[in-house]
Amino acid sequence: MRYLFTKKVKIVLIVAMLLSVGLAIATNLMGVTVGDLAVQGILTPLRTGASALTDKAEQLYDYIFKYEQLALENETLREQLSQIQTDNRDAASIKRENDRLRELLELKKEHEDYELVDAYIITRTSNDWSYTFTVNRGSGSGIKEGMCAITETGAMVGVVTQVGSNYAVITSVLDSSLDISACIASSGYPGMVRGSYATGVQGMLRMDYLSSAAVIRNHDQVVTAGSTVYPKNLVLGTIVHWNLTDNGIAKYAILEPAADVATLEQVFVLTGFGTE
(Lines give C-alpha, C1' and ligand atoms only; values in the text may rest on other atoms or scores of the structure.)
Protein backbone atom coordinates (compact mmCIF):
# COMPACT_ATOMS: atom_id res chain seq x y z
CA MET A 1 0.00 0.00 0.00
CA ARG A 2 2.76 2.33 0.84
CA TYR A 3 3.90 2.05 -2.79
CA LEU A 4 0.36 2.31 -4.19
CA PHE A 5 0.76 5.95 -5.06
CA THR A 6 3.92 6.87 -6.86
CA LYS A 7 5.39 10.28 -6.80
CA LYS A 8 3.93 11.18 -10.24
CA VAL A 9 0.46 10.04 -9.28
CA LYS A 10 0.62 12.10 -6.12
CA ILE A 11 1.55 15.14 -8.14
CA VAL A 12 -1.38 14.60 -10.53
CA LEU A 13 -3.79 14.20 -7.66
CA ILE A 14 -2.55 17.35 -5.99
CA VAL A 15 -2.90 19.36 -9.26
CA ALA A 16 -6.41 17.98 -9.82
CA MET A 17 -7.36 18.90 -6.28
CA LEU A 18 -6.00 22.38 -6.69
CA LEU A 19 -7.88 22.80 -9.99
CA SER A 20 -11.08 21.63 -8.38
CA VAL A 21 -10.65 24.09 -5.53
CA GLY A 22 -9.80 26.87 -8.01
CA LEU A 23 -12.82 26.16 -10.19
CA ALA A 24 -15.06 26.04 -7.12
CA ILE A 25 -13.75 29.39 -5.95
CA ALA A 26 -14.16 30.88 -9.50
CA THR A 27 -17.71 29.55 -9.68
CA ASN A 28 -18.60 31.19 -6.37
CA LEU A 29 -16.95 34.47 -7.27
CA MET A 30 -18.11 34.78 -10.95
CA GLY A 31 -21.47 33.04 -10.68
CA VAL A 32 -20.77 30.81 -13.69
CA THR A 33 -20.00 27.16 -13.97
CA VAL A 34 -17.10 25.49 -15.73
CA GLY A 35 -19.49 24.38 -18.48
CA ASP A 36 -20.66 27.93 -18.96
CA LEU A 37 -17.10 29.09 -19.35
CA ALA A 38 -16.45 26.41 -21.94
CA VAL A 39 -19.59 27.28 -23.92
CA GLN A 40 -18.77 30.96 -23.80
CA GLY A 41 -15.31 30.19 -25.07
CA ILE A 42 -16.79 28.43 -28.06
CA LEU A 43 -19.65 30.89 -28.77
CA THR A 44 -17.70 34.12 -28.37
CA PRO A 45 -15.93 33.87 -31.79
CA LEU A 46 -19.21 32.84 -33.41
CA ARG A 47 -21.03 35.81 -31.87
CA THR A 48 -18.25 38.14 -33.03
CA GLY A 49 -18.50 36.79 -36.61
CA ALA A 50 -22.31 37.03 -36.63
CA SER A 51 -22.16 40.60 -35.36
CA ALA A 52 -19.71 41.52 -38.13
CA LEU A 53 -21.97 39.89 -40.74
CA THR A 54 -24.97 41.79 -39.39
CA ASP A 55 -23.10 45.07 -39.60
CA LYS A 56 -22.09 44.32 -43.20
CA ALA A 57 -25.68 43.41 -44.10
CA GLU A 58 -26.97 46.64 -42.58
CA GLN A 59 -24.35 48.63 -44.49
CA LEU A 60 -25.29 46.87 -47.76
CA TYR A 61 -29.01 47.50 -47.17
CA ASP A 62 -28.33 51.17 -46.44
CA TYR A 63 -26.24 51.44 -49.63
CA ILE A 64 -28.90 49.78 -51.80
CA PHE A 65 -31.70 51.84 -50.28
CA LYS A 66 -29.76 55.09 -50.58
CA TYR A 67 -28.73 54.22 -54.18
CA GLU A 68 -32.35 53.66 -55.16
CA GLN A 69 -33.34 56.86 -53.38
CA LEU A 70 -30.57 58.83 -55.12
CA ALA A 71 -31.50 57.30 -58.49
CA LEU A 72 -35.12 58.35 -57.99
CA GLU A 73 -34.06 61.86 -56.97
CA ASN A 74 -31.73 62.04 -59.99
CA GLU A 75 -34.54 61.03 -62.34
CA THR A 76 -36.83 63.61 -60.76
CA LEU A 77 -34.18 66.30 -61.20
CA ARG A 78 -33.69 65.26 -64.84
CA GLU A 79 -37.42 65.61 -65.49
CA GLN A 80 -37.49 68.98 -63.76
CA LEU A 81 -34.49 70.17 -65.80
CA SER A 82 -36.10 68.95 -69.03
CA GLN A 83 -39.30 70.81 -68.16
CA ILE A 84 -37.36 73.98 -67.33
CA GLN A 85 -35.52 73.75 -70.67
CA THR A 86 -38.82 73.23 -72.50
CA ASP A 87 -40.37 76.18 -70.67
CA ASN A 88 -37.35 78.33 -71.53
CA ARG A 89 -37.59 77.36 -75.22
CA ASP A 90 -41.31 78.10 -75.21
CA ALA A 91 -40.73 81.44 -73.50
CA ALA A 92 -37.98 82.34 -75.99
CA SER A 93 -40.22 81.34 -78.91
CA ILE A 94 -43.08 83.44 -77.54
CA LYS A 95 -40.74 86.39 -77.06
CA ARG A 96 -39.47 86.12 -80.65
CA GLU A 97 -43.03 85.98 -81.93
CA ASN A 98 -44.03 89.01 -79.86
CA ASP A 99 -41.01 90.91 -81.18
CA ARG A 100 -42.02 90.02 -84.76
CA LEU A 101 -45.59 91.16 -84.19
CA ARG A 102 -44.40 94.49 -82.78
CA GLU A 103 -42.24 95.01 -85.86
CA LEU A 104 -45.17 94.02 -88.06
CA LEU A 105 -47.42 96.60 -86.43
CA GLU A 106 -44.87 99.27 -87.25
CA LEU A 107 -44.72 98.03 -90.85
CA LYS A 108 -48.51 98.13 -91.19
CA LYS A 109 -48.56 101.67 -89.83
CA GLU A 110 -46.28 102.68 -92.71
CA HIS A 111 -48.15 100.54 -95.27
CA GLU A 112 -51.81 100.42 -94.41
CA ASP A 113 -52.54 98.88 -97.82
CA TYR A 114 -50.68 95.66 -96.99
CA GLU A 115 -52.89 92.61 -96.51
CA LEU A 116 -50.86 89.90 -94.81
CA VAL A 117 -51.24 86.24 -93.87
CA ASP A 118 -48.78 84.93 -91.31
CA ALA A 119 -47.26 81.48 -91.91
CA TYR A 120 -44.66 79.29 -90.22
CA ILE A 121 -41.91 77.47 -92.11
CA ILE A 122 -42.25 73.69 -91.77
CA THR A 123 -39.66 72.31 -94.24
CA ARG A 124 -36.73 73.58 -96.32
CA THR A 125 -35.08 72.37 -99.53
CA SER A 126 -31.79 73.82 -100.73
CA ASN A 127 -28.69 73.21 -102.83
CA ASP A 128 -26.14 75.40 -104.58
CA TRP A 129 -28.67 76.69 -107.14
CA SER A 130 -32.06 76.60 -105.44
CA TYR A 131 -33.60 77.38 -102.10
CA THR A 132 -37.27 76.81 -101.36
CA PHE A 133 -39.30 76.25 -98.20
CA THR A 134 -42.81 75.16 -97.33
CA VAL A 135 -45.14 77.04 -94.97
CA ASN A 136 -48.21 75.87 -93.09
CA ARG A 137 -50.74 78.09 -94.91
CA GLY A 138 -52.28 77.63 -98.32
CA SER A 139 -55.27 78.40 -100.50
CA GLY A 140 -57.55 77.96 -97.50
CA SER A 141 -55.96 81.12 -96.06
CA GLY A 142 -56.19 83.06 -99.32
CA ILE A 143 -52.66 82.38 -100.56
CA LYS A 144 -52.12 82.05 -104.32
CA GLU A 145 -49.20 81.41 -106.62
CA GLY A 146 -47.24 84.55 -107.49
CA MET A 147 -47.78 86.24 -104.13
CA CYS A 148 -44.82 87.71 -102.29
CA ALA A 149 -43.52 86.66 -98.85
CA ILE A 150 -41.81 89.17 -96.57
CA THR A 151 -40.47 89.47 -93.03
CA GLU A 152 -41.99 91.60 -90.29
CA THR A 153 -39.52 94.37 -91.15
CA GLY A 154 -40.41 94.50 -94.84
CA ALA A 155 -37.51 92.47 -96.19
CA MET A 156 -38.40 90.36 -99.20
CA VAL A 157 -38.18 86.61 -98.62
CA GLY A 158 -39.45 85.10 -101.86
CA VAL A 159 -42.43 84.31 -104.10
CA VAL A 160 -45.12 81.64 -103.74
CA THR A 161 -44.64 79.08 -106.53
CA GLN A 162 -46.88 76.21 -105.41
CA VAL A 163 -50.06 76.10 -103.32
CA GLY A 164 -52.12 73.41 -101.61
CA SER A 165 -55.16 73.80 -99.42
CA ASN A 166 -53.08 74.01 -96.23
CA TYR A 167 -49.54 74.60 -97.43
CA ALA A 168 -47.54 76.72 -99.86
CA VAL A 169 -44.06 76.42 -101.35
CA ILE A 170 -42.06 79.63 -101.48
CA THR A 171 -39.10 80.07 -103.80
CA SER A 172 -36.74 82.26 -101.80
CA VAL A 173 -34.65 85.19 -102.96
CA LEU A 174 -31.60 82.91 -102.66
CA ASP A 175 -32.88 80.73 -105.51
CA SER A 176 -31.01 81.40 -108.75
CA SER A 177 -34.19 80.87 -110.81
CA LEU A 178 -36.00 83.84 -109.26
CA ASP A 179 -35.41 87.19 -111.04
CA ILE A 180 -36.49 90.26 -109.09
CA SER A 181 -36.69 93.72 -110.58
CA ALA A 182 -34.78 96.02 -108.25
CA CYS A 183 -32.94 99.31 -107.89
CA ILE A 184 -30.30 100.91 -105.70
CA ALA A 185 -32.30 102.89 -103.13
CA SER A 186 -29.99 105.90 -102.91
CA SER A 187 -29.52 106.45 -106.65
CA GLY A 188 -32.37 104.60 -108.37
CA TYR A 189 -30.07 102.65 -110.73
CA PRO A 190 -32.08 99.60 -111.90
CA GLY A 191 -31.03 95.98 -112.25
CA MET A 192 -32.14 92.40 -111.70
CA VAL A 193 -31.49 90.48 -108.48
CA ARG A 194 -31.26 86.72 -108.08
CA GLY A 195 -29.56 84.21 -105.82
CA SER A 196 -25.85 83.83 -106.45
CA TYR A 197 -24.28 80.38 -106.73
CA ALA A 198 -20.78 81.58 -107.64
CA THR A 199 -17.96 80.03 -105.61
CA GLY A 200 -17.35 81.88 -102.36
CA VAL A 201 -20.62 83.85 -102.32
CA GLN A 202 -23.23 81.18 -101.59
CA GLY A 203 -26.04 82.58 -99.51
CA MET A 204 -25.63 86.00 -101.15
CA LEU A 205 -27.57 87.82 -103.85
CA ARG A 206 -26.28 89.16 -107.15
CA MET A 207 -27.57 92.28 -108.90
CA ASP A 208 -26.93 92.28 -112.66
CA TYR A 209 -27.53 94.58 -115.63
CA LEU A 210 -26.34 97.68 -113.84
CA SER A 211 -25.21 100.41 -116.16
CA SER A 212 -21.46 100.77 -116.52
CA ALA A 213 -22.00 104.43 -115.59
CA ALA A 214 -23.87 103.53 -112.38
CA VAL A 215 -22.40 104.94 -109.19
CA ILE A 216 -22.27 102.04 -106.74
CA ARG A 217 -21.10 102.17 -103.15
CA ASN A 218 -20.71 99.43 -100.60
CA HIS A 219 -23.44 99.51 -97.93
CA ASP A 220 -25.96 100.94 -100.41
CA GLN A 221 -29.38 99.34 -99.94
CA VAL A 222 -31.13 97.56 -102.81
CA VAL A 223 -34.95 97.46 -102.89
CA THR A 224 -37.68 96.06 -105.14
CA ALA A 225 -38.67 98.23 -108.09
CA GLY A 226 -42.30 97.10 -107.86
CA SER A 227 -44.50 94.84 -110.00
CA THR A 228 -47.84 93.04 -109.89
CA VAL A 229 -46.17 90.42 -107.68
CA TYR A 230 -44.50 92.64 -105.10
CA PRO A 231 -44.73 96.32 -104.13
CA LYS A 232 -41.97 98.90 -104.32
CA ASN A 233 -39.29 99.35 -101.70
CA LEU A 234 -39.19 95.92 -100.15
CA VAL A 235 -35.62 95.57 -98.94
CA LEU A 236 -33.59 92.92 -100.75
CA GLY A 237 -30.13 93.46 -99.33
CA THR A 238 -27.06 95.61 -98.89
CA ILE A 239 -24.18 95.90 -101.36
CA VAL A 240 -20.94 94.38 -100.07
CA HIS A 241 -18.98 94.20 -103.34
CA TRP A 242 -19.29 95.38 -106.94
CA ASN A 243 -17.30 95.22 -110.18
CA LEU A 244 -17.48 95.29 -113.97
CA THR A 245 -18.73 92.18 -115.75
CA ASP A 246 -16.24 90.12 -117.78
CA ASN A 247 -17.16 91.91 -121.01
CA GLY A 248 -16.76 95.31 -119.34
CA ILE A 249 -20.03 96.75 -120.65
CA ALA A 250 -22.00 96.55 -117.40
CA LYS A 251 -21.59 96.30 -113.67
CA TYR A 252 -22.79 93.83 -111.10
CA ALA A 253 -23.04 93.92 -107.31
CA ILE A 254 -23.00 91.27 -104.59
CA LEU A 255 -25.61 91.79 -101.85
CA GLU A 256 -25.96 90.50 -98.34
CA PRO A 257 -29.64 89.50 -98.06
CA ALA A 258 -31.81 91.57 -95.74
CA ALA A 259 -33.71 88.41 -94.74
CA ASP A 260 -31.70 85.68 -93.08
CA VAL A 261 -33.60 82.93 -94.89
CA ALA A 262 -31.71 80.10 -93.18
CA THR A 263 -32.95 81.09 -89.70
CA LEU A 264 -36.47 82.33 -90.48
CA GLU A 265 -39.28 80.80 -88.42
CA GLN A 266 -42.21 82.84 -89.70
CA VAL A 267 -43.04 84.82 -92.84
CA PHE A 268 -45.91 87.03 -93.93
CA VAL A 269 -47.51 86.52 -97.33
CA LEU A 270 -48.74 89.67 -99.08
CA THR A 271 -52.20 88.70 -100.29
CA GLY A 272 -52.91 92.26 -101.38
CA PHE A 273 -51.31 95.70 -101.57
CA GLY A 274 -52.01 99.07 -103.15
CA THR A 275 -50.22 100.35 -106.22
CA GLU A 276 -48.37 103.64 -106.25
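Sequence positions, counted from 1, serve as the residue numbers for this chain.
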When every non-hydrogen atom of Ser139 is compared with those of Val163, the smallest separation belongs to N-CG1, 3.4 Å

Side-chain donor/acceptor of Tyr230 to backbone N/O of Ala225, under 3.5 Å: no

Counting only N and O atoms by type, is there a donor-acceptor contact under 3.5 Å from the side chain of Thr125 to the main-chain atoms of Thr132? no

Just how far is it from atom CG of Asn166 to atom CD1 of Ile122, taken to the nearest 0.5 Å? 8.0 Å

Working for side-chain contact (heavy atoms from CB on, under 4.5 Å), residues Val193 and Val222: CA-CA 9 Å; Val193 172; Val222 175; 4.1 Å; yes

If we ignore angles and hydrogens, is there a donor and acceptor under 3.5 Å between the side chains of Ser130 and Asn127? yes

Donor-acceptor pair, side chain of Thr224 and main chain of Asn233, under 3.5 angstrom: yes

Tell me the closest heavy-atom pair linking Val229 and Cys148, and the distance in Å. O-CB, 3.5 Å

As a test of understanding, state which of Leu255, Ile216, Ile254, Asp220 forms a side chain to side chain contact (heavy atoms under 4.5 Å, CB included) with Trp242. Ile216

Does Arg137 qualify as a cation-pi partner of Tyr167, given the criterion of NZ or CZ under 6.0 Å from the six-membered ring centre and within 45 degrees of its axis? no

Under the criterion side-chain contact (heavy atoms from CB on, under 4.5 Å), I'd like the reasoning laid out for Val267 against Tyr120: C-alpha separation, chi angles, the key distance, then a yes or no. CA-CA 6 Å; Val267 297; Tyr120 282 90; over 6 Å; no

Check for a donor-acceptor pair, side chain of Arg206 on one end and backbone N or O of Met192 on the other, with a separation under 3.5 Å. no

Would one find more than 12 heavy atoms of other residues, nucleotides or ligands at under 6.0 Å from atom CD of Gln266? yes

Could you pull out the closest heavy-atom pair between Val201 and Ser196, with the gap in Å? CG2-OG, 3.2 Å

Minimum heavy-atom distance between Phe133 and Ser172, given as atom pair plus value: CE2-CB, 3.9 Å

Met207 and Ile184: which non-hydrogen atoms are nearest, and at how many Å? CE-N, 4.1 Å

CG/Leu174 to CD/Gln202 distance, rounded to the nearest 0.5 angstrom? 11.0 Å

More than 12 heavy atoms of other residues, nucleotides or ligands under 6.0 Å from OH of Tyr209: yes or no? no

Would you say Leu116 and Leu270 make side-chain contact, with heavy atoms under 4.5 Å? yes

Give the minimum heavy-atom separation between Tyr131 and Arg124, together with the two atoms involved. OH-NH1, 3.6 Å

Is Leu210 linked to Ile180 within one hydrophobic cluster, defined over Ile, Leu, Val, Met, Phe, Trp and Tyr using a side-chain heavy-atom separation of less than 4.5 Å? yes

Distance alone, cut at 3.5 Å: any donor-acceptor contact between the side chains of Thr134 and Thr123? yes

How far does NE2 of His219 sit from CD of Glu256, to the nearest 0.5 angstrom? 10.0 Å

So, taking the atom named CE in Met147 and the one named CZ in Phe273, what distance separates them when rounded to the nearest 0.5 Å? 9.5 Å

A side-chain contact here means heavy atoms from C-beta on lying under 4.5 Å apart; do Leu264 and Thr151 qualify? yes

Say whether Thr161 and Thr171, considering side chains only, have a donor N or O and an acceptor N or O under 3.5 Å apart. yes

One pair to check against side-chain contact (heavy atoms from CB on, under 4.5 Å): Glu152 and Phe268. What are the steps and the verdict? CA-CA 7 Å; Glu152 67 278 4; Phe268 302 90; 3.7 Å; yes

Measure the spacing between CG of Asn218 and OG1 of Thr238 and express it to the nearest 0.5 Å. 10.5 Å

Pair Asn243-Lys251, side-chain contact (heavy atoms from CB on, under 4.5 Å): steps then yes or no: CA-CA 6 Å; Asn243 209 335; Lys251 291 179 179 178; over 6 Å; no

Within this structure, what is the OG-CD1 distance for the pair Ser212 and Ile249, rounded to the nearest 0.5 Å? 8.5 Å

Is there side-chain contact between Val169 and Val160, with at least one heavy-atom pair below 4.5 Å? no

Answer yes or no: is there a side-chain heavy-atom contact under 4.5 Å between Glu265 and Ile121? no

Taking the side chain as everything from C-beta on, heavy atoms only, tell me whether Ser187 gets closer than 4.5 Å to Arg217. no

Just wondering, do Leu178 and Val159 contact through their side chains at under 4.5 Å, heavy atoms? yes

